[in-house]
Amino acid sequence: MSARATSPPHAAGPPVTRFAPSPSGELHLGNARTALFNQLLARQGAGRFLLRIEDTDSQRSSEAYTQALMADLCWLGIEWDAGPDREDERGPYRQSQRGPLYARHLEALERQGVVYPCFCTPLELSLARRAQLAAGKPPRYAGTCRELPAAERERRRQQGVPATLRFRVPPGERVEFADLVHGPQTFLSDDIGDFVVRRADGSAAFFFSNAVDDALMGVTQVLRGEDHLTNTPRQLLILAALGLRAPAYGHVALLLGADGAPLSKRHGASSVREYRERGYQPAALINHLFRLGHSSPLQGLLTLDEMTRAFDPAHLGRAPARFDEQQLNVWQKDVVHRLTPEAARAWLAPVLPPALDERAAAAFTSALLPNLLLPEDARPWVDIVFGGPPALEPAGEELVRQAGAGYFSAAAAAAARDGNDLPAIAGAVRAATGRKGADLYMPLRVALTGRAHGPELAPLLKAMPPGKARERLARFA
RNA sequence: GCUCCCUUCGUCUAGAGGCCCAGGACAUAGCCCUCUCAAGGCUGUAACACGGGUUCGAAUCCCGUAGGGAGCGCCA
């Protein structure tokens with residue numbers, strides 16, 4: 001058994017990293033994190049970060065998803081130096097446009113005889129796989145077409161039998177590489193079946209196009225999901241056959257849902273888009289992702305620049321991390337509380353009454369903001385502040401009853417004189433009843449908002465239309 | 001089935017043989033502050049999956065077991 005020498009490590013130069021999503025769905029949280037890590041790695045070394053769209057599967061890929069992917073990346077603050085929307089000499093950055101490049105390298109493999117046409121049909125293959133699995137054997141390509149006589153190959157080709165191109169995996173070799181996060185890895189080529197590098201329709205398959213593009217684009221480091229770990233040897237084999245330099249691969253553990261199962265629809269949301277639509281802030285999401293499977297001594301909210309400085313590939317975790325919404329909410333709350341008045345108003349706009357004037361919107365937003373996690377949370381308060389007199393909670397009715405009519409006539413009189421001014425109203429009630437503390441304020445809160453809990457009363461009152469306080473207090477006078 | 005990866009408080013993690021009867025953050029509990037809520041301050045509860053080795057000494061090294069995950073696709 002011989003050990004195949006892997007390509008030498010890249011000379012110390014600026015790193016080139018990439019994010020290579022397939023546009024067959026919304027940007028997944030796990031992929032967003034991968035994109036973030038790769039961007040941080042590139043920026044940290046003053047290198048380049050590329051966006052490559054892996055749309056070789058025309059059936060599943062769509063331009064709409066490509067656009068959505070880029071929009072969500074931008075929303076998160078992730079920006080690439082080259083990509084489908086900013087091409088350079090290493091492009092094109094859509095795999096669907098790189099056919100000629102693939103064809104050239106495929107031909108090179110054919111010349112070397114390390115690939116061969118496979119005429120097995122999808123049905124035959126899936127039957128064979130099932131049989132192998134049933135027999136307790138690894139479902140690997142059986143090698144049916146590997147040693148087909150040249151004449152037979154030619155005959156089938158003439159007949160126009162569709163064929164894929166398979167990579168002839170050399171027997172008895174060890175494929176070794178140093179994983180950026182898992183350390184030294186060794187795989188046996190005998191455990192790897194001959195795999196498809198070109199589909200029957202002539203398009204390049206993932207193992208091939210992905211590896212070749214990384215090499216051709218000068219990518220030096222690839223941080224990707226751990227699901228690619230056991231496939232890495234195949235890509236190394238391809239690159240070695242082509243004499244291309246492989247990037248250093250680092251496999252980050254997958255993201256799990258709060259229950260420890262792989263992140264999926266079942267968990268409510270698994271795409272960036274969904275969180276975005278619910279009103280989560282990009283800074284909250286990015287801060288959460290930054291610490292999933294990665295640790296930093298820095299605490300608190302970090303900007304992208306701070307993350308760039310703090311990012312440490314040595315601190316990428318090997319164990320899968322759970323995407324816990326509770327933790328995300330902590331960041332979200334933090335971000336929301338720091339929103340500028342303008343940003344806060346824009347954030348809340350979807351739930352504000354359409355005809356609201358500037359001043360009222362600003363007052364409402366600043367009054368509510370400290371108590372909000374999502375825009376949705378403000379909805380009931382829109383009615384309370386701008387709608388008719390709110391119904392009282394059962395517990396509140398008792399409070400109001402005990403306060404008595406004198407309490408409220410003093411309050412209503414103050415409101416008639418001074419408007420929606422809590423200090424004035426409370427002062428008048430205090431003078432009239434001698435109440436203080438919770439006894440003084442709670443009946444006011446309940447009469448004014450219908451609820452015993454809520455945002456600070458004084459600013460909330462200021463946000464109400466003129467006359468509201470008097471009207472609501474007078475109900476109980 | 002075979003191969004590979006993983007396993008420290010509820011969660012994210014620090015920890016690379018003695019600095020660890022395991023540290024931090026968030027969550028949680030109690031107290032303080034306070035018109036309620038939120039924020040803030042203080043205090044507390046809480047973990048090395050299990051079993052064997054190696055060693056004077058193991059969360060850290062080795063071997064097993066259990067549990068979780070991934071790969072073995074004309075999907076990426």
Side-chain angles (χ1 to χ4, degrees), chain A residues 20-25 31 54-57 59-61 95 118 120-122 125-126 129 132-141 162-166 179 181-182 185-188 190-193 195-203 205-207 209-210 224-234 251 253-254 256 258 260-262 288 291-297 299-300 314-315 317-331 333-334 337 368-373 422 426 435-446 449 451-458:
Chain A
S22 163
S24 56
N31 285 139
E54 307 228 323
D55 54 354
T56 56
D57 184 346
Q59 288 295 307
R60 303 189 188 200
S61 303
Q95 288 191 326
C118 170
C120 298
T121 66
L125 292 170
S126 85
R129 249 193 308 278
Q132 285 169 316
L133 245 13
K137 285 195 279 205
R140 278 201 285 272
Y141 179 63
T164 60
L165 204 58
R166 277 186 193 272
D179 189 278
V181 348
H182 291 280
Q185 303 289 314
T186 304
F187 290 88
L188 266 23
D190 290 343
D191 290 331
I192 305 169
F195 53 92
V196 172
V197 289
R198 188 180 66 203
R199 304 189 186 102
D201 67 3
S203 63
F206 168 77
F207 292 131
S209 56
N210 179 269
R224 58 184 356 181
E226 205 179 83
D227 47 340
H228 292 291
L229 181 58
T230 50
N231 285 329
T232 303
R234 298 161 193 257
H251 294 91
L254 266 17
L256 304 178
H288 191 212
R291 293 158 211 271
L292 252 25
H294 176 255
S295 65
S296 166
Q299 261 154 32
H315 276 88
R318 301 139 307 271
R322 303 178 187 214
F323 187 94
D324 189 349
E325 229 171 74
Q326 190 180 46
Q327 187 64 46
L328 170 64
N329 287 343
V330 173
W331 296 118
K333 202 183 291 181
D334 213 346
H337 290 178
L368 263 296
L369 205 62
N371 285 62
L372 299 178
L373 182 65
L422 186 67
R435 284 176 174 240
K436 54 183 183 176
D439 286 341
L440 172 61
Y441 285 95
M442 284 309 281
L444 284 176
R445 169 175 289 281
V446 170
T449 70
R451 298 183 173 200
H453 301 305
E456 271 201 70
L457 199 48

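Each chain gets a letter, A, B and so on, in the order the sequences are listed, and its residues count up from 1.
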A.B. asks: Check whether any side-chain N or O of T56(A) sits under 4.0 Å from OP1 or OP2 of C75(B), and answer yes or no.
C.D. replies: no
A.B. asks: Using atom P in both nucleotides, what's the gap between G40(B) and A27(B) to the nearest angstrom?
C.D. replies: 8 Å
A.B. asks: Could you walk me through whether T449(A) and R445(A) satisfy the side-chain hydrogen bond (donor to acceptor under 3.5 Å, both in side chains) test, starting with their C-alpha distance in whole Å, then the side-chain angles of each, then the deciding distance to 0.1 Å, before giving a yes or no?
C.D. replies: CA-CA 6 Å; T449(A) 70; R445(A) 169 175 289 281; 4.9 Å; no
A.B. asks: Which whole number of Å gives the distance between the P atom of G15(B) and that of C20(B)?
C.D. replies: 14 Å
A.B. asks: Provide the distance between the two C1' atoms, one in U45(B) and one in C6(B), to the nearest whole Å.
C.D. replies: 29 Å
A.B. asks: Could you state the CG-P distance from L229(A) to G68(B), rounded to the nearest angstrom?
C.D. replies: 20 Å
A.B. asks: Whole angstroms only, please: what is the CG-C1' distance between N231(A) and C75(B)?
C.D. replies: 11 Å
A.B. asks: One character per nucleotide, please: for nucleotides 25-35 of chain B, 5' to 3', B when the base has a protein heavy atom closer than 4.0 Å, S when only the sugar-phosphate does, - otherwise.
C.D. replies: SBS-------B
A.B. asks: So what does S24(A) touch, heavy atoms closer than 4.0 Å: a base, only the sugar-phosphate, or nothing?
C.D. replies: nothing
A.B. asks: Taking any strand in view, what nucleotide pairs with U55(B) in a Watson-Crick or G-U wobble way, both distances under 3.5 Å?
C.D. replies: none
A.B. asks: Does C37(B) pair with anything, Watson-Crick or G-U wobble, both distances under 3.5 Å, and if so, with which nucleotide?
C.D. replies: none
A.B. asks: Between H315(A) and G15(B), is there a side-chain N or O to OP1/OP2 distance below 4.0 Å?
C.D. replies: yes
A.B. asks: Select one nucleotide: of C74(B), C6(B), C75(B), the one nearest the side-chain heavy atoms of H182(A).
C.D. replies: C6(B)
A.B. asks: Using atom C1' of each nucleotide, how far apart are G64(B) and U54(B) to the nearest Å?
C.D. replies: 15 Å
A.B. asks: Hey, are H182(A) and R318(A) close enough side-chain-wise for a donor-acceptor pair under 3.5 Å?
C.D. replies: no
A.B. asks: Please report the distance separating the C1' of G24(B) from the corresponding atom of C62(B), rounded so that it comes out in whole Å.
C.D. replies: 31 Å
A.B. asks: Looking only at side-chain atoms of P138(A), point me to the closest of C2(B), C5(B), C75(B).
C.D. replies: C2(B)
A.B. asks: Expressed as a whole number of angstroms, how long is the span from L369(A):CG to A38(B):C1'?
C.D. replies: 11 Å
A.B. asks: Under 4.0 Å, heavy atoms only, any strand: does R234(A) hit a base, just the sugar-phosphate, or nothing?
C.D. replies: sugar-phosphate
A.B. asks: Could you identify the nucleotide paired to C20(B), looking across every strand shown and requiring Watson-Crick or G-U wobble geometry with both distances under 3.5 Å?
C.D. replies: none
A.B. asks: Quick one: is R224(A) getting a side-chain N or O under 4.0 Å of the A76(B) phosphate, OP1 or OP2?
C.D. replies: no
A.B. asks: Do you know which of Y141(A), F207(A), F206(A) makes ring pair (Phe, Tyr, Trp, His ring centres under 6.0 Å) with F195(A)?
C.D. replies: F207(A)
A.B. asks: Counting any heavy atom closer than 4.0 Å, what does A200(A) reach on the DNA or RNA strands: base, sugar-phosphate only, or nothing?
C.D. replies: base
A.B. asks: Nearest-Å distance, CG (N371(A)) to P (G40(B))?
C.D. replies: 13 Å
A.B. asks: Distance check needed: C72(B) P versus F206(A) CZ, whole Å only.
C.D. replies: 10 Å
A.B. asks: Could you tell me which nucleotide pairs with U11(B) by Watson-Crick or G-U wobble geometry, both distances under 3.5 Å, or answer none if nothing does?
C.D. replies: A25(B)
A.B. asks: Heavy atoms only, 4.0 Å cut-off, all strands: where does H251(A) land among base, sugar-phosphate and nothing?
C.D. replies: nothing
A.B. asks: Looking at R291(A), is its backbone amide N or carbonyl O close enough to the side chain of S295(A) to form a donor-acceptor pair, meaning the two atoms are under 3.5 Å apart?
C.D. replies: no
A.B. asks: Categorize C118(A) for me: base, sugar-phosphate, or nothing, with a 4.0 angstrom heavy-atom threshold over every strand shown.
C.D. replies: nothing
A.B. asks: Taking D179(A) for the side chain and H251(A) for the main chain, is one N or O donor matched with an acceptor at less than 3.5 Å?
C.D. replies: yes
A.B. asks: Once you apply a heavy-atom cut-off of 4.0 Å, does D227(A) come out as touching a base, just sugar-phosphate, or nothing?
C.D. replies: sugar-phosphate
A.B. asks: Mind checking if P122(A) touches a base, just sugar-phosphate, or nothing, with heavy atoms under 4.0 Å?
C.D. replies: base
A.B. asks: What is the distance, to the nearest angstrom, from the CD atom on Q132(A) to the C1' atom on U3(B)?
C.D. replies: 14 Å
A.B. asks: Respond yes when some side-chain nitrogen or oxygen of R318(A) is under 4.0 Å from OP1 or OP2 of G68(B), and no when none is.
C.D. replies: no
A.B. asks: Taking the side chain from S61(A) and the backbone from D57(A), do they hold a donor-acceptor pair closer than 3.5 Å?
C.D. replies: yes
A.B. asks: Across all strands shown, which nucleotide pairs with G1(B) by Watson-Crick or G-U wobble geometry, both distances under 3.5 Å?
C.D. replies: C72(B)
A.B. asks: What residues form a side-chain contact (heavy atoms from CB on, under 4.5 Å) with H337(A), not counting sequence neighbours?
C.D. replies: K333(A)
A.B. asks: For U8(B) and U60(B), measure between their P atoms and round to the nearest Å.
C.D. replies: 12 Å
A.B. asks: Which nucleotide, U7(B), C74(B), U11(B), lies nearest any side-chain atom of R322(A)?
C.D. replies: U11(B)
A.B. asks: Hey, does H294(A) reach any base, or is it just sugar-phosphate, or nothing, if we go heavy atoms under 4.0 Å?
C.D. replies: sugar-phosphate
A.B. asks: Has the side chain of Q132(A) got a donor or acceptor atom that lies under 3.5 Å from a matching backbone atom of R140(A)?
C.D. replies: yes
A.B. asks: Look through every strand shown and name the nucleotide pairing with A49(B) as Watson-Crick or G-U wobble, where both distances are under 3.5 Å.
C.D. replies: U65(B)
A.B. asks: Tell me: CG of L188(A) to P of C72(B), nearest whole Å?
C.D. replies: 18 Å
A.B. asks: For the pair D324(A) (side chain) and A258(A) (backbone), establish whether a donor and an acceptor sit closer than 3.5 Å, ignoring hydrogens and angles.
C.D. replies: no
A.B. asks: Would you say S295(A) places a side-chain N or O within less than 4.0 Å of OP1 or OP2 belonging to A14(B)?
C.D. replies: yes
A.B. asks: Identify, between R291(A) and R198(A), the residue whose nearest nucleotide on RNA chain B lies closer to the 5' end.
C.D. replies: R291(A)
A.B. asks: Under 3.5 Å, is there a donor-acceptor pair linking the side chains of T232(A) and R224(A)?
C.D. replies: yes
A.B. asks: Contact class for P139(A) (heavy atom, under 4.0 Å): base, sugar-phosphate, or nothing?
C.D. replies: base
A.B. asks: Paired with U60(B) by Watson-Crick or G-U wobble geometry, both distances under 3.5 Å: which nucleotide is it?
C.D. replies: none
A.B. asks: Taking only side-chain N and O atoms of R199(A), does any of them lie within less than 4.0 angstrom of OP1 or OP2 on G73(B)?
C.D. replies: no
A.B. asks: Whether the side chain of R435(A) engages the backbone of D439(A) through a donor-acceptor N/O pair (distance < 3.5 Å, no angle test) should be reported.
C.D. replies: yes
A.B. asks: Rounded to the nearest Å, what distance is computed from the CG atom of residue N210(A) to the C1' atom of nucleotide G73(B)?
C.D. replies: 16 Å
A.B. asks: Any base atoms under 4.0 Å from A452(A), or only sugar-phosphate, or nothing? Heavy atoms, all strands.
C.D. replies: base
A.B. asks: Please state the C1' separation for the pair A47(B) and C4(B) - nearest whole angstrom.
C.D. replies: 28 Å
A.B. asks: Any base atoms under 4.0 Å from R129(A), or only sugar-phosphate, or nothing? Heavy atoms, all strands.
C.D. replies: sugar-phosphate
A.B. asks: Measure from the side chain of F187(A), starting at C-beta and using heavy atoms only, and say which of A38(B), U3(B), A76(B) lies closest.
C.D. replies: U3(B)
A.B. asks: The side chain of A319(A) lies closest to which of these nucleotides: U3(B), C6(B), C72(B)?
C.D. replies: C6(B)
A.B. asks: Rounding to an integer number of angstrom, what distance separates C61(B) and C48(B) when you compare their C1' atoms?
C.D. replies: 15 Å
A.B. asks: If I take atom CZ from residue R199(A) and atom OG1 from residue T56(A), how far apart are they, to the nearest 0.5 angstrom?
C.D. replies: 4.0 Å
A.B. asks: Within the modelled atom types, does a donor on one side and an acceptor on the other bring the side chain of D191(A) and the base of C2(B) under 3.5 Å apart?
C.D. replies: no
